[in-house]
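Keep in mind the model is a prediction, meaning the values are calculated, not measured.
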Amino acid sequence: MLSETLYKLRKQSGLSQEQLAEKLNVSRQSISKWESGGSQT
């Protein structure tokens, strides 16, 4: 599942949700939603 994969890869990279959001140019809330499975887009 995308949410689990995203979480695992982010943790392996040592990034916070905030740091990943910055790199992807999205909001931290988007990362949180993706990781919780709230949005699959």
Side-chain angles (χ1 to χ4, degrees):
M1 192 169 213
L2 174 63
S3 56
E4 293 169 4
T5 304
L6 179 60
Y7 177 80
K8 286 178 187 174
L9 290 173
R10 179 175 66 79
K11 285 297 185 182
Q12 284 175 0
S13 299
L15 295 172
S16 67
Q17 286 184 343
E18 187 75 35
Q19 290 168 320
L20 181 58
E22 235 175 72
K23 289 181 180 294
L24 297 178
N25 201 28
V26 297
S27 68
R28 188 207 52 80
Q29 290 84 354
S30 292
I31 301 297
S32 181
K33 278 186 194 175
W34 296 342
E35 288 186 356
S36 69
S39 174
Q40 295 299 314
T41 57

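Considering only residues two or more places apart in sequence or on other chains, Ser27 meets the side-chain hydrogen bond (donor to acceptor under 3.5 Å, both in side chains) condition with Ser30.
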Distance-only check: which donor-acceptor pairs under 3.5 Å involve side-chain atoms of residues 12-23, not counting sequence neighbours?
unit_1, atom_1, unit_2, atom_2, d
Ser13, OG, Leu9, O, 2.9
Ser16, OG, Glu18, N, 3.3
Ser16, OG, Gln19, N, 3.0
Ser16, OG, Gln19, OE1, 3.4
Gln17, OE1, Arg28, NH1, 3.1
Gln17, NE2, Glu35, OE1, 2.9
Gln19, OE1, Ser16, N, 2.7

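Closest approach of Gly37 and Ser3 over heavy atoms only: N-CB, 3.8 Å.
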